Amino acid sequence: MSKRKNPSDDNNLNSDFCDFLMELAEYEKNVSRNVHKYNAYRKAASVLATHSKRIESGDEAKKLSGIGDKISKKIDEFLQTGKLRKLENIHQDEDAQAINTLTRVTGVGPVKAAEFVRNGIKSIEDLRNNIDKLTHHQTIGVRYFEDFEKKIPRKEIQDIEGKLKNLIKNLDPEFTVTICGSYRRGKRESGDIDALVTHPSLKINEKKKKHEAKLMKSLVDALKGLVTDVISIGDTKFMYYCAILYFTGSDVFNKTMRAHALDKGFTLNEYALRPVGVTGVPGEPVQISSEEDVFDYIDYPYKTPEERNM
DNA sequence: GTCAA
DNA sequence: AGCGATGCGCG
DNA sequence: TTGACCGCGCATCGCT
């Protein structure tokens, strides 16, 4: 549920470049509705953030994968003038700014945001005055707008992890809980909490499921902003490791890994790793009994959760 | 916007 | 009621 | 120069 991104983190020598690239990314996604440019800008920001040397020129940046002619020139312009004309223009475009703002509400995407602005609804305040025009999802989005943009300290997640495990243990001691996401990757704070809940028995009766859902819901209400995904389907043993891999992320890591899987003739999702036949039709899932198994099958060097922060 | 076919 | 298309979100 | 750019679930909406 976290909409925030930050390749412009800690010891990043190129964070100023990353900042304007991320801003351009947001613009392309939210206003231009071009998700591919959005991803291109984010990839460029990511590669610059990882780069251990301060970039001194556009030409130098261009050597990095993901940076081409246009971004190279933008870097030159930024180095010379300290800003980008393109970005300055965007700042002055009030509708574009309004669309960007509305998009920060979960449940409001580029299309809905543009429609709101067209109808004169241009701020969070305006949204709150028009609750009747919102879906259930968007209503929650405005209600907790400020909360959702806050980061959650690791310590706080540890507390919640303890409470969650206690509650679920009382429900049925055979449940296991794993907090995935950036928490599992060792981050000091996270945008949300991803809890993967499994049960050793293949069958979970319906009543228990509902009871569990209720429990989760009350927990969410009580803690304001705890977001959970519950996976409980037949082949759990089998799916579990693909799920934990997926929920641990990061998103860039997942994309990279899935792309690599395709190279090696497999398709990977959160449920299974399957070979892809010459016809392009995925075959039967491969038996997986650990996270490492997935890496092995697609011939990808194993990375610990902490090494998946990409 | 970038890369590769 | 049932369907597919679209929008939005998750990692 | 042109096409691809992960993979999928859920809510919503319009059409039949």
Side-chain angles (χ1 to χ4, degrees), chain A residues 1-5 20-22 24-30 32-48 58 61-75 86 102-116 133-141 148 178-185 187 190-196 213 227-233 239 242-264 266-274 276 282 291 294 298 305 308-310:
Chain A
M1 179 101 12
S2 71
K3 281 200 171 187
R4 11 283 129 209
K5 313 284 166 191
F20 75 65
L21 289 173
M22 291 304 282
L24 288 166
E26 292 297 307
Y27 175 81
E28 293 298 345
K29 173 164 68 83
N30 299 333
S32 306
R33 300 188 216 177
N34 187 330
V35 71
H36 299 300
K37 289 192 180 187
Y38 163 76
N39 282 320
Y41 275 125
R42 285 181 66 226
K43 186 185 177 192
S46 171
V47 72
L48 279 177
K62 207 174 165 183
K63 292 174 185 155
L64 276 35
S65 122
I67 299 184
D69 242 39
K70 308 289 278 293
I71 292 182
S72 165
K73 282 178 180 142
K74 284 181 170 63
I75 285 179
K86 168 157 177 151
L102 297 188
T103 279
R104 286 159 58 195
V105 175
T106 181
V108 178
V111 173
K112 198 66 195 180
E115 184 193 319
F116 279 138
K133 296 189 175 62
L134 306 184
T135 66
H136 174 65
H137 187 161
Q138 292 157 352
T139 306
I140 294 171
F148 279 149
T178 309
I179 308 289
C180 304
S182 55
Y183 176 78
R184 184 158 180 261
R185 300 200 306 273
K187 290 287 192 178
S190 305
D192 61 6
I193 304 175
D194 306 308
L196 185 57
V227 180
T228 61
D229 283 272
V230 181
I231 293 189
S232 50
I233 316 180
M239 299 175 30
C242 290
I244 212 172
L245 185 63
Y246 164 73
F247 281 114
T248 297
S250 68
D251 57 347
V252 175
F253 172 79
N254 284 351
K255 282 169 81 168
T256 310
M257 186 151 175
R258 288 178 180 197
H260 186 86
L262 282 177
D263 275 353
K264 296 290 178 178
F266 289 90
T267 173
L268 173 65
N269 62 21
E270 61 269 48
Y271 305 119
L273 177 68
R274 292 169 300 169
V276 181
E291 272 190 304
V294 182
I298 64 172
R308 300 176 203 165
N309 289 307
M310 311 180 49

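All values derive from a computational prediction rather than experimental measurement. When reading the values below, keep in mind they use all heavy atoms of this one structure, side chains included, and skip hydrogens, waters and symmetry mates. Here is how names work: the chains are called A, B, and so on, in the same order as the sequence lines, proteins then strands, and each is numbered from 1.
Using a 4.0 Å cut-off, some side-chain N or O of A:Lys74 falls inside it from OP1 or OP2 of B:dG1. Dashed line: the shortest gap from a side-chain N or O of A:Lys112 to OP1 or OP2 of C:dG7 is not under 4.0 Å.
Taking the ring centre of A:Tyr27 as origin, the terminal cationic atom of A:Lys29 falls outside the region bounded by 6.0 Å and 45° from the ring axis.
With rounding to whole Å, A:Arg42 atom CZ is found 13 Å from D:dC6 atom P. One can place CZ of A:Arg185 at 9 Å from C1' of C:dG11, the figure rounded to the nearest angstrom. Nucleotide C:dG9 holds its C1' atom 13 Å from the CG atom of A:Asn30, rounded to whole Å. Rounded to whole angstrom, the span from the CD atom of A:Glu115 across to the C1' atom of D:dC13 amounts to 12 Å. Between A:Lys63 atom NZ and B:dT2 atom P the separation is 17 Å, expressed in whole Å. One interatomic measurement links the two molecules: NE2 of A:His136 to P of D:dT12, which rounds to 8 Å at whole-angstrom precision. The interatomic distance linking A:Lys133 (NZ) with D:dC13 (C1') rounds to 18 Å, in whole Å. When the P atom of B:dT2 is taken as reference, atom NZ of A:Lys73 falls 10 Å away, rounded to whole Å.
Picking from D:dT12, B:dT2, C:dG7 the nucleotide with the shortest atom distance to the side chain of A:Lys70 gives B:dT2. The side chain of A:Ile71 lies closest to B:dT2 when the candidates are D:dC5, B:dT2, C:dG9. With C:dC8, C:dG9, B:dG1 as the choices, the nucleotide that has an atom nearest any side-chain atom of A:His36 turns out to be B:dG1.
Taking atom P in both B:dG1 and D:dG9, the straight-line distance is 33 Å, to the nearest Å. Comparing D:dC8 with B:dT2, their C1' atoms sit 25 Å apart, to the nearest whole Å.
Using a 4.0 Å heavy-atom cutoff across all strands shown, A:Leu24 reaches no nucleic acid atom at all. Within 4.0 Å of A:Lys37, counting heavy atoms only, lies at least one base atom of the nucleic acid. Here A:Leu64 lies in heavy-atom contact (under 4.0 Å) with sugar-phosphate atoms only. Residue contacts shown for A:Asn34 are absent, as no nucleic acid heavy atom lies under 4.0 Å away.
Residues A:Glu28 and A:Lys70 are not paired through a salt bridge, judged by the lack of any N-O separation under 4.0 Å between the basic side chain and the carboxylate.
Between A:Leu48 and A:Ile75 there is a side-chain heavy-atom pair separated by less than 4.5 Å. Considering only heavy atoms from C-beta on, A:Ile140 stays 4.5 Å or farther from A:Thr106 through its side chain.
Counting only distance, with no hydrogens or angles, the side chain of A:Gln138 and the backbone of A:Thr135 share a donor-acceptor pair below 3.5 Å.
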